[in-house]
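This report concerns only the one structure given below.
The figures that follow rest on heavy atoms only: side chains count, while hydrogens, waters and symmetry mates do not. We're numbering straight along the sequence, starting at 1.
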Amino acid sequence: MIKKVAIIGSGTMGNGIAHTFAQNNFQVSLIDVSDDALKKALITIEKNLDRQVVKGVISDGDKSKTLANIQTFNNLKEGVGDADLVVEAASENLETKLKIFKELDNLTKPETILASNTSSISITKIASITNRTDRVIGMHFMNPVPVMKLVEVIRGYSTSNEVTNTVLELSKSLSKSPVEVNDYPGFVANRILMPMINEAIYTLFEGVAGVAEIDTVMKLGMAHPMGPLQLADFIGLDVCLSILEVLHKGFGNPKYAPCPLLVNMVAAGKKGVKSGEGFYSYDHGTKDLIVAEKFRK
């Protein structure tokens, strides 16, 4: 039975995953090399819990219990030693993930399940660095984690039925709706989403329409709650680029080639919300949509 969960990485996804497990009465170890990042993560979790209290989703008691369920560590060995499940939520970089999983294989109990929150990198490739390929799996949560219901559960080539079923049931216990998928580039979510975002960027790049116009067409015409360019800003343009590169390399199909505009924006440091500017400007926060000066007519 899974009772203790370790989360590696305290960024947007990591703190959201920690929040979700802790709120559902799991003992959570949140691990990051940076003390400042861990402090920032706890502040973020508390703010998000406060929003839930205001909305009547949870009580003040629930908030206190959730925070008490989280311990922070900047030492990997101390954080994962007694974990029943580890969820890696570090940067979307293959070499980083391989290094982490190799360490995890040596530091965790033999029966511990090792999961990655990767949005596109091969679970089979990640598992290959370990001696427990049957116990490595993907748990792709959606942002914001405490709100979004979907968890893409990705079984690698050697992931066992037992581990897959355990993670599917575990996801349901978090009040999520898990969907099992097989391990191919981009899985399902990003194999479909990223080409759409890339095509929206090409539509802007080729002068077919402006930023607001493209997003308005998709919101009003296709009932999308957020336009593809705004969504790309929220995901992070660097993350979008990374996923498209995985798709392009994995399938060898030119339809996945990243738009040159996306490549240039990431090179210029315009990564979306996280950098304060992408297709929109976020100097005034994220509620008011203000097209970035570069794309104003």
Does a side chain donor of either [X] or [Y] reach within less than 3.5 Å of an acceptor in the other side chain?
| X | Y | result |
| --- | --- | --- |
| D183 | T124 | yes |
| S119 | E92 | yes |
| S10 | D32 | yes |
| S59 | D62 | yes |

Check: Which heavy atom in P178 sits nearest to a heavy atom in S171, and how many Å separate them?
Finding: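 Taking every non-hydrogen atom into account, CB-CB, 3.7 Å.
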Checklist line | Least distance between heavy atoms, A83 atom then T112 atom | finding: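 For A83 and T112, the tightest heavy-atom pair comes out as O-OG1, 2.8 Å.
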Are any non-hydrogen side-chain atoms of [X] and [Y] less than 4.5 angstrom apart?
| X | Y | result |
| --- | --- | --- |
| M196 | H224 | yes |
| S173 | L170 | yes |
| T166 | I113 | yes |
| L114 | T108 | yes |
| K176 | V153 | no |
| I126 | I121 | yes |
| E180 | L168 | yes |
| L261 | F295 | yes |

Indicate, with yes or no, if [Y] and [X] share a hydrophobic cluster defined by side-chain heavy-atom contacts under 4.5 Å among Ile, Leu, Val, Met, Phe, Trp and Tyr.
| X | Y | result |
| --- | --- | --- |
| V86 | I7 | no |
| I17 | F234 | no |
| L231 | M13 | no |
| L247 | I192 | no |
| V266 | F205 | yes |

Next item on the list: Start with the C-alpha gap between V5 and I2, add the side-chain angles, then the distance that decides, and say whether side-chain contact (heavy atoms from CB on, under 4.5 Å) holds.
Entry: CA-CA 7 Å; V5 180; I2 293 173; 3.9 Å; yes
Tell me whether [X] is salt-bridged to [Y], with the criterion being a basic N under 4.0 Å from an acidic carboxylate O.
| X | Y | result |
| --- | --- | --- |
| K99 | E103 | yes |
| K97 | E88 | yes |
| D238 | K274 | yes |
| K109 | D84 | yes |
| K294 | E277 | no |

Notebook entry, point to check: Checking side-chain hydrogen bond (donor to acceptor under 3.5 Å, both in side chains) for the pair Y280/D288: CA distance, chi angles, key distance, verdict?
Noted result: CA-CA 10 Å; Y280 295 89; D288 297 323; over 6 Å; no
Check: Do S158 and D134 pass the side-chain hydrogen bond (donor to acceptor under 3.5 Å, both in side chains) test, and can you show the C-alpha distance, the side-chain angles, and the key distance before you say yes or no?
Finding: CA-CA 5 Å; S158 302; D134 60 322; over 6 Å; no
Between [atom1] of [X] and [atom2] of [Y], what distance do you get to the nearest 0.5 Å?
| X | Y | atom1 | atom2 | answer |
| --- | --- | --- | --- | --- |
| L204 | E213 | CG | CD | 9.5 Å |
| K271 | L241 | NZ | CG | 10.5 Å |
| L150 | M142 | CG | CE | 4.5 Å |

Neighbour count above 12 (heavy atom, 6.0 Å) for [X] [atom1]:
| X | atom1 | result |
| --- | --- | --- |
| F251 | CZ | yes |
| K40 | NZ | no |
| E111 | CD | yes |

Next item on the list: Output every pair passing salt bridge (Lys or Arg N to Asp or Glu O under 4.0 Å) with a member in residues 42-54, not counting sequence neighbours, ordered by first then second residue.
Entry: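 Pairs touching residues 42-54 that pass the test: E46-K63, D50-K63.
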Next item on the list: Determine, step by step, whether T66 and N69 satisfy the side-chain hydrogen bond (donor to acceptor under 3.5 Å, both in side chains) criterion, reporting the C-alpha distance in whole Å, the side-chain angles of both residues, the deciding distance to 0.1 Å, and the verdict.
Entry: CA-CA 5 Å; T66 298; N69 283 337; 5.5 Å; no
Next item on the list: Would you please name every residue forming a ring-ring contact (aromatic ring centres under 6.0 Å, His included) with Y282, sequence neighbours left out?
Entry: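 Partners of Y282 by the ring-ring contact (aromatic ring centres under 6.0 Å, His included) criterion come out as none, since no residue qualifies.
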